[in-house]
Each structure stands twice: as C-alpha cells, then as structure tokens.
Amino acid sequence: MEYLMLITDQDADGEAWVPELDDFAAWVADADANGVRVRGNRLQPNGESTIVKRRAGGLLVTDAPLAEPEEWIAGYDVLETDSLDDAIEVASRHPRARTGHVTLHPVWPVDFDTVPTPAVADVSLSGE
Amino acid sequence: MTQAPATHDAVARAYRDEWARVTATLIRHTGDWTLAEDCAAEAFARALERWPAEGVPRNPGAWLTTVAKHLAIDRLRRRTNEAAKVREAAEMDEVEGGRNVGRRAGVPLPATDDLVDFDPAGDWGEGADDSSDDGVDDRLRLVFTCCHPALALDARVALTLRTLGGLTTEEIARAFLVPEPTMAQRIVRAKQRIRNAGIPYRVPDAASLPERLGGVLAVLYLVFNAGYSASGGDAERRGALADEAIRLARLVVRLMPDEGEAASLLALMLLQDSRRRARVDADGELVLLDAQDRSRWDAAEIESGLAVLRALGRRTGGIRGPYRLQAEIAACHATAPTADETDFDRIAGFYDELAALDSSPVVALNRALAHGFAGRAQAGLDELDRLEASGALDRYHLLPAAQAELLVRLGRTDAAAARLHESLALAPTEAEQRQLRRRLAEVTAR
C-alpha cells in the first residue's frame, strides 16, 4: 500500500517542539533505511501557496489565504508499506506527530487502460 | 424425525461456537469479508438440512469450514469466469474503437482488486484451517481487525457483532435502535474502509499489542454497557447484547489467556450482569444498587466472576489494570450480604489505585463517593465540591446526586434536596428522573 502522509506543524493540543528530541533527519534516515519512504519534503511557509481554478473556460489564479495552523500542510512524505499498521508505526515516530499531527491518505492506484476515471469519461463524452 | 429438535440444538450450538472460526478462516483465504459471511451463513443452512439425516458430524467446526470453503471456491470461480467474460467484452469494444462503450452500456468493469491473486485451487491446505502457517488463530486476527482504531467506533461495534459475533444486521440494528438500512450501510462502509485504507488482517506486534488490546476490550465493554444500561428500547434485545459481550469476552480470554485485563473485563461483566434481574423492579422501575433485592442476584454468575478473579490473583503480580480494579470493586459489592455491610474502605482503596491510572472525572467522582460511604462523608463532599468547581462534570446529573447522598449522611437534608432537584433537571432518561423523584421524596420525608 502507498500512503501520502501530510504533516502539520503545531496543533493547539500538541506538545512543545524540543530541538534535541525532534530530529527530522533521524526520522528520514530511519524511514529510508527501512525502505518505507518513497520521497518527501517540507513545504514553503504558510501563505506561499497558489490556488488554480478553471471556470467557464477562464483561468482563475489566486494566492491561497493563510491556513489555520492545524490545517496548514507543512510537509509531506510518500510511504510504501504492507499495511496501514506499518504506516501508522512509521508515522507515529515522526516528530510532528507529537507537536502537530500527520494524516495518512491511502493512495488509490488508477490504471487508465482498464478503468476510465470519471474525468476521462466526461471529456470523451463531451467531445462526442 | 424425532431427533430433529436435537439436531437443531446442535446447529444452534455450532453457530454460537463455530461461526467466528468459520468466518475468520474464510476471510484469511479470500480477503473478502462479505463473501466469507455469506458462505458461512450458507454452510449453517446446509447443516440444518443435512445433519438431521446424516447425523451431527464429530467435528462440527471442521465440517462447517469445509462446506463454507467449497461454497467460497464455487463463487470465486464463477466470479473469475464472469470477470473474464466482461474483460473479453471490454477488449472487443476497444478493438471496435469505443473505449467507453462498456461503461456507457452500464456494464461495470470488474474491480481488479476483487480478485487479488486468487487461485481457487491454491493455498487452501486441508486440515488445520483455523490457524495459518504462523499458528495464529484466525479468530484473533478477526478480533483485532474488527476493533481497529482506524475504524469509527460505531463501525467497530457493528463489525464485531456481525462478523465476529454472527449477529444479523437486523438484530444489531434493533439492539442499537437504528433503522436496518442504516446499520447495513455502516457495516458495508466499514468493510470498504478496511480494504481502501489497507487495514491488515493480523494480530498487532508485541510493541502495539497492549494498546490495541485495550481498544478491543473497550469495544466489548461498550457492547456490554449498551445491553446493560437498558435505557429505552427492547429490554430483551439489550439483554442479548450483554450476553453477546460476555460470550465474546470469553472468546478473547480463551485466545489470549495470559492477558490479565481481558480476564478482568470478563469478571467485571459477569459480576455486573449478575444484578441484571434486580436492577429493575416489577413495575419496570430502575432500582439502585443499595436498594436491590440481593436474593435476585445471579449467584452462579457471581461465582463465575469471582473464580476468574481468584485465578488472576494467583497468577498476576502487583500491577492491576483498570478492568481488574473495577472487577475487584464489583466483587466487593457482589459479596456484601447487605448494602450496609459493604466494605467501602476496601472499595475506596481500589478507587485510589484506579484514579492513579485513570484521571477521568467520573472515576474521581466515584472515588470521592466511596470515601464518603466509608465514613469520611465530609472529605468526600469536599472532593465532590472541588470536582464541581473544576467544571469537568458540568451538566452531569450524577454529580449533584452524589453530593446529595453525602449531604444526607451529614444530616444536611435541605441541601441534599436542593442537589437532588439539580440532578433531576439534568437527568437524561425518564427512568432516572422517576428514580430521583422517589429519592427526593424519601429524603424530604426524614
């Protein structure tokens, strides 16, 4: 199973950040050594995101408003594990699980050759 | 046909004893929960047809598992063939240039993960089917998967009763006063989530076992309490829920005999359940512990609970978990000949230990009450007043009710009556309101 792990910095009920304790590098090294981390990184600070929409054929680009601290995604990792339990185990050791929270989104693999996505189907139907 | 009723009993007994084993084994082999349940149910239906004529097999569980397995193989073969036909049709469409023809014609393409690596002739090894290569009982995998923390709590409860307990969706819906389609949807959704989120079918590793076992026991206790508290709904159905919780707790204890908290939960349920008949009087009114007719307590059930605790006492060392402490407290009540002879000093001691493990305000309330009943009414009341000031139990009707009981002991009848009025205004059920009104009448008549 593949999981997209989204990370928040600091929740209201989160514990305080302790530099000596909360070692990203050690977590990454460990996850990489166990072969469960496909890729990952931190994101630019809150307020640097861009929203893109297309409406009635027109393009709408706006800067994303500041997210609530508990909703702002500070970083991400892609994990590849046998099951949710293994992903939980890896996620639970991420430093931000203590100060903020991490959310595990299961990836839903799509094979365009056998399963047309609604989007693909819509395009082809509207093109008729 | 004179033996038919006896055979029916045998099938009923096998259903209670073997449902979880048959279903759990099928889930491991097929990975398909609904298929497993359907084939298990069908196997029991076949037993009803065949056992009267052929006799009850020597090992009903093995018979049922084999029949269910063959049914599953048949269905999966048929599914594989149908899937192949659909795939062929889809390929034809593609050749004809219409990639979405099948879809528009309403032919659902097979979800490929329905058939993950399934080989009907493959790894079904005859014989010891209820445990796989690692020797783990499949029922234990089922227990932990049904109670996985990534499932919503109501989904854990529903799935535990359906797949592990073998209750029908209709029975579960009735027990929880939910429309049957709602409950069916909840169960379907839970199974989907197991697949989509990648919840594994396995027993957690040693590091996470204590926490995960705690989650399993919490689900069982929730089922028990839903049956035990019997506020509203069909009392008989709810009694069945308590019975089911006890049965499942016994199963968990059998599967994990070294887990003291599991056995403690079983003891706690037995000791509480022993009072089921005495908790409601002839008019259907709620009767509190100290007013219950103790001759109506189920002596055999009390003895079963005490026996579990005795066995635990011999085996475990100094550490007593929350269920153990609650069971010890229940045992103090169960063994007191009258309410006045209850050893509240001993109970208060257990609550002291429990409060150290569990900082919940409800435990603090009961601890204060126990100390108050143990002859320290003023100290208990002071503690309850502190709890009230903390705001942690705002709008909880049992806080003013507890304050009232200790005020009565201190001879402060007017203050007690005022607290009972407060409690009455907050009490959620009519049965509790009636009980409080009766108590109010007693107190003001003094």
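Just so it is clear, the structure is predicted and the values come from calculations on it, not from any experiment. Values below: every heavy atom of this structure, side chains too, minus hydrogens, waters and symmetry copies. Just so it is clear: chains get the letters A, B, ... in the order the sequence lines come, proteins before strands, and each one is counted from 1.
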Using a 4.5 Å heavy-atom cutoff, which residues in residues 75-86 of chain A come close to chain B?
A:S83, A:L84, A:D85, A:D86
Suppose a student defines contact as a heavy atom less than 4.5 Å from any heavy atom of chain B. Which residues in residues 18-48 of chain A would they list?
none
For chain A, which of B:A197, B:P204, B:P149 has the most heavy-atom pairs under 4.5 Å?
B:A197
Does the side chain of B:I199 come within less than 4.5 Å of A:M1's, by heavy atoms?
no
Under 4.5 Å from a heavy atom of chain B, the part of A:I88 involved
side chain
